[in-house]
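First comes the structure, then the notes that go with it.
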Amino acid sequence: MNIVHVGGKWNEYEHHIEGSDFSFSGYVRYLFECVQKGVGEYPDFFATHSISLANSEKGKAKRTMQRYFTHMKAGLLNVLHADQAVAKGAFSESFTEETFVGFVLDNILLFLIQGNGNCDTLVEIISRVLYR
């Protein structure tokens with residue numbers, strides 16, 4: 001599996017749900033489950049991704065993955081902005097929506113790499129932060 005294929009898999013995992021009624025926490029669960037399903041189809045996905053970043057295509061691989069992560073963060077931000085249930089004071093200058101989305105994406109990836117069967121803990125944290 002080369003970097004183009006790895007990038008293509010990330011693209012498959014990130015789904016735009018414009019016009020849907022997903023809550024942010026629901027979308028996070030949905031995204032986690034999509035990636036988890038894909039990892040089941042390609043059990044060596046994360047190992048291949050790591051190898052791609054370590055080989056001679058390091059710069060290209062890193063730029064490709066960064067582009068997909070930026071795309072995923074933008075999708076998460078769109079869903080967050082559309083979620084009417086988010087508490088008005090949930091964010092501040094020191095705790096921004098962008099920082100929160102970065103934290104959420106990092107943890108989705110961490111849970112997947114560690115082989116966690118679900119993202120219930122992450123969804124609970126999100127709910128406690130957003131829906132007071």
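Everything quoted here is computed from the prediction, not taken from an experiment.
Nearest heavy-atom pair, Leu80 versus Val86, reported as atom, atom and distance to 0.1 Å: CD1-CG2, 3.9 Å. The nearest pair of heavy atoms linking Ala87 to Arg132 is CB-N, 4.2 Å. When all heavy atoms of Ser25 and Tyr131 are compared, the closest pair comes out as N-OH, 3.4 Å. Closest non-hydrogen pair, Arg29 versus Cys119, comes out as CA-SG, 3.8 Å.
The salt bridge (Lys or Arg N to Asp or Glu O under 4.0 Å) check on Glu124 picks up Arg128, with sequence neighbours excluded. Every residue two or more places apart in sequence or in another chain that forms a side-chain contact (heavy atoms from CB on, under 4.5 Å) with Thr96 is listed here: Glu98, Thr99. In this view, Glu97 and His81 satisfy the side chain to side chain donor-acceptor pair (under 3.5 Å) rule, not counting sequence neighbours. For Ser92, the side-chain contact (heavy atoms from CB on, under 4.5 Å) partners at least two apart in sequence or on another chain are Ser94, Phe95. Taking Phe24 as the reference, Phe100 meet the ring pair (Phe, Tyr, Trp, His ring centres under 6.0 Å) condition, with sequence neighbours excluded.
Applying the salt bridge (charged side-chain N to carboxylate O under 4.0 Å, His left out) rule to pairs touching residues 75-89 yields nothing, sequence neighbours excluded.
Note on ring orientation: taking the six-membered ring where Trp is involved, the planes of Tyr30 and Phe22 are tilted (angle from 30° to 60°).
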Side-chain polar contacts of residues 106-118 - donor-acceptor pairs under 3.5 angstrom, sequence neighbours left out - could you list them?
from: Asn107; atom 1: ND2; to: Phe103; atom 2: O; distance (Å): 2.8
from: Asn118; atom 1: OD1; to: Asp120; atom 2: N; distance (Å): 3.0

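Under the 4.5 Å side-chain criterion, counting only non-hydrogen atoms from C-beta, Phe91 is in contact with Leu130.
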